[in-house]
Number of protein chains: 2
Amino acid sequence: MSEKPTHLLKENNLRVTDCRIDVLNTFISRQVALSHADLEEVLKENFDRVTLYRTLKTFLDKDLIHKVLDDSGAAKFALCSHQHEEHEQHDHNHVHFKCEVCGLTNCIEEISLPNIALPKGYKSKEVNVLVQGICNKCA
Amino acid sequence: MSEKPTHLLKENNLRVTDCRIDVLNTFISRQVALSHADLEEVLKENFDRVTLYRTLKTFLDKDLIHKVLDDSGAAKFALCSHQHEEHEQHDHNHVHFKCEVCGLTNCIEEISLPNIALPKGYKSKEVNVLVQGICNKCA
DNA sequence: GTTTATGCAAATTCTTTGCAATACT
DNA sequence: AGTATTGCAAAGAATTTGCATAAAC
């Protein structure tokens, strides 16, 4: 584990607590979108369910994580990549891939987001794409 | 109100009931994605909350409606357009637009779905796009 | 020392299930 | 008549809130 979680927290004027560090480390090591339930499974021995809810909300407010669309109903979250490179313009375009075999959802950064031509009068601010299928590991 | 709801139900071997007709009419007249809560607001005088849950589940099973991705957390649903034209291949690609002013989400059918080049090894089966911004009415 | 986060209990809200009564075909 | 749907009650999950204690700065 690097010092990344501590730095992320300090950069965002958040107090450095065990729970926040552990949640960030979970996101970093898993590299997939996690729901509250996913986190609870991993961290319930150490922290209260309520604390995890509040931690997620805090991170969301500070733009440390973003919501990942999912058609399962459960809200999932992933680390925002723009947190890693400072001064980068906040880029609210995401492509996520959900594997129907292993069930994992990950952000696909390599993809250049297609240009979507909207009907006239529509103004686009944020584009989220969820691709479902089979990932390279499960193929 | 046309006879559309009745026909849709019969086509799908579903019994024609007041609740189902009213739910379908709500989808047809609103032309936007609706959550369970949205329906409840409109129809709670007439039907039980539980009946609405079951109606949505039934329609989902029969592919009369589909889930619409939303980052608000609440699952939303919209009529499947392929129900209107029979024998059309089920097409599981959707582009939805959510207006951040009026809050409404609608399916944008006119759009040709962009081709998304996935990293090798990934197989795509379904693509959902959620564009957020400002719609033509709120601009 | 002051402010903020945590844990626990409890309140709300959301969703599902069982079963008798009702409506549909 | 026979089968599927509805409404009500109640169970079970998911999420939020209040407040005293503990931890961070």
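To find a chain, count down the sequence lines: A is the first, B the second, and so on, and within it residues start at 1.
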By side-chain hydrogen bond (donor to acceptor under 3.5 Å, both in side chains) - contacts of A:Arg15 (at least two apart): none
Residues in side-chain contact (heavy atoms from CB on, under 4.5 Å) contact with B:Lys10, at least two apart in sequence or another chain: B:Thr6, B:Val16
Qualifying salt bridge (Lys or Arg N to Asp or Glu O under 4.0 Å) pairs with a residue from residues 44-58 of chain A, counting only residues at least two apart or across chains: A:Glu40-A:Arg49
Set of residues satisfying ring pair (Phe, Tyr, Trp, His ring centres under 6.0 Å) with respect to B:His96, sequence neighbours excluded: B:His66, B:His94
Nearest heavy-atom neighbours spanning B:Lys123 and A:Phe97: O-CZ, 3.7 Å
Touch class at under 4.0 angstrom, heavy-atom based, for A:Asn13 against every strand present: nothing
Ring pair (Phe, Tyr, Trp, His ring centres under 6.0 Å) partners of A:Phe47, counting only residues at least two apart: none
Length of the CG-P vector between B:Leu52 and C:dT15, whole Å: 12 Å
Linked hydrophobic residues, B:Ile134 as query - side chain contacts closer than 4.5 Å: B:Val101
Protein-nucleotide distance (B:Lys44, atom NZ; C:dC14, atom C1'), rounded to Å: 14 Å
With A:Phe59 via ring pair (Phe, Tyr, Trp, His ring centres under 6.0 Å) - residues at least two apart: none
Listed partners of B:Ser35 passing side-chain hydrogen bond (donor to acceptor under 3.5 Å, both in side chains), at least two apart: B:Asp38
Whole-Å gap separating P (C:dA10) and CG (A:Asp48): 14 Å
Residues that A:Phe77 engages under ring pair (Phe, Tyr, Trp, His ring centres under 6.0 Å), provided they are two or more places apart: none
Rounded to 10 degrees, the angle between the two terminal axes of the helix from C:dG1-D:dC25 to C:dT25-D:dA1, each from five pairs: 40°
Common cluster, B:Leu56/B:Leu64, ILVMFWY with side-chain heavy-atom separation under 4.5 Å: yes
Interface limits on DNA chain D, where chain B has a heavy atom under 4.0 Å of a nucleotide atom: D:dG2 to D:dA9
Interatomic distance where CG belongs to A:Asp22 and P belongs to C:dA5 [whole Å]: 17 Å
Where protein sits on nucleotides 16-25 of chain C, one letter per nucleotide: B base, S sugar-phosphate only, - none, heavy atoms under 4.0 Å: BBB----BBS
Integer-rounded Å distance: C:dC14 P and B:Lys76 NZ: 14 Å
Atom-to-atom span, NE2 of B:His36 to C1' of C:dT13 - whole angstrom: 12 Å
